[in-house]
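Numbering of ligands and ligand atoms starts at 1, following listing order. All values derive from a computational prediction rather than experimental measurement.
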Amino acid sequence: MTIRKLIAGNWKMNGSLGMLHELDGIAKATFNHPELDVVICPSFTLIAPAIVRQPDMTFGAQDCHYDESGSHTGCVSAPMLREVGASYVIVGHSERRIEQNETNEEIRAKTTTAIANGLVTIVCIGESRAAHASGQALPIIGAQLDGCIPPDATSDNLVVAYEPIWAIGTGNTPPPESIAEMHASIRDRLCLLLGSEGKKVRILYGGSVTGKNAEELMAIPDVNGTLVGGASLTAEQFVPIIEAGGRLA
Ligand SMILES: O=C(CO)COP(=O)(O)O
């Protein structure tokens, strides 16, 4: 089965109005590769201006609340994201799990609300350096999937991103055979949780993806795209990743 690849950029707490011109080159490469899905997830404040700059590109957010509205000062809801034109949302990024103490239960609630509001939801999972070193990565990933994935999610509204925490922003990526083992185990778990839909859910790899390693990473079985941090901030760095996806599509 061929699964359509997704190249997602997570701008994290970076970017500015003055940087949105980077989207022009990214959009050009995106439109040259209609066989791929490309999404940029800037900060909440940049989503609307990004859509004004490139109305035909796809944009997402980096978080949403599990309630649709209410007394949650400083938070942004899934309906608000839809209203400004976001199509995707990332939930459960390790930086939020660590800095905001987000639990699997909260992440599942956010995923349920995001999906109910029409957002394609990228659920992030990944083990710490200590868990990796002690051989606990597989059980931890399994528990994160069991805890975060709503039972009625489908391959149209759910994406899973495997991001080993020790690979994020470090320049280190796991060896291809270890990524292959992890993605195969995620695929098995998704099939257990979601039945035949689990076979089609896209599983992204994230953590120090660059134009240099993207093709090798996306050629690994069950790696259906990438979630890119630092290298998604400029067209110069992100376009080669889109092109690598295009060569493999
Ligand atoms: O956390 C990431 C994307 O969500 C990965 O970040 P880097 O690509 O900067 O390692």
- Mind checking what makes side-chain contact (heavy atoms from CB on, under 4.5 Å) contact with Pro176, not counting sequence neighbours? Glu216, Ile220

- Message: Could you report the tightest heavy-atom contact between Ile242 and Leu36, atom names first, then the distance?
- Response: O-CD1, 3.4 Å

- Task: Go through the structure and list residues passing salt bridge (Lys or Arg N to Asp or Glu O under 4.0 Å) with Arg202, not counting sequence neighbours.
- Result: Asp37

- Task: For Glu35, look at atom CD and say whether over 12 heavy atoms of other residues, nucleotides or ligands are found less than 6.0 Å away.
- Result: yes

Note every protein N or O atom lying under 3.5 Å from an N or O atom of ligand 1, pairing the names and giving the distance.
| unit_1 | atom_1 | unit_2 | atom_2 | d |
| --- | --- | --- | --- | --- |
| ligand 1 | 1 (O) | Lys12 | NZ | 2.8 |
| ligand 1 | 1 (O) | His93 | NE2 | 2.8 |
| ligand 1 | 1 (O) | Glu163 | OE1 | 3.4 |
| ligand 1 | 4 (O) | Asn10 | ND2 | 3.0 |
| ligand 1 | 4 (O) | His93 | NE2 | 2.9 |
| ligand 1 | 4 (O) | Glu163 | OE1 | 3.2 |
| ligand 1 | 4 (O) | Glu163 | OE2 | 2.9 |
| ligand 1 | 6 (O) | Lys12 | NZ | 3.3 |
| ligand 1 | 8 (O) | Gly229 | N | 2.8 |
| ligand 1 | 9 (O) | Gly230 | N | 2.9 |
| ligand 1 | 10 (O) | Gly169 | N | 2.6 |
| ligand 1 | 10 (O) | Ser208 | N | 2.8 |

- Task: Kindly write out the residues that satisfy ring-ring contact (aromatic ring centres under 6.0 Å, His included) with His33, not counting sequence neighbours, or none if the list is empty.
- Result: none

- Query: Quick check: does any side chain N or O of Tyr162 sit under 3.5 Å from a backbone N or O of Pro164, one acting as donor and the other as acceptor?
  - Reply: no

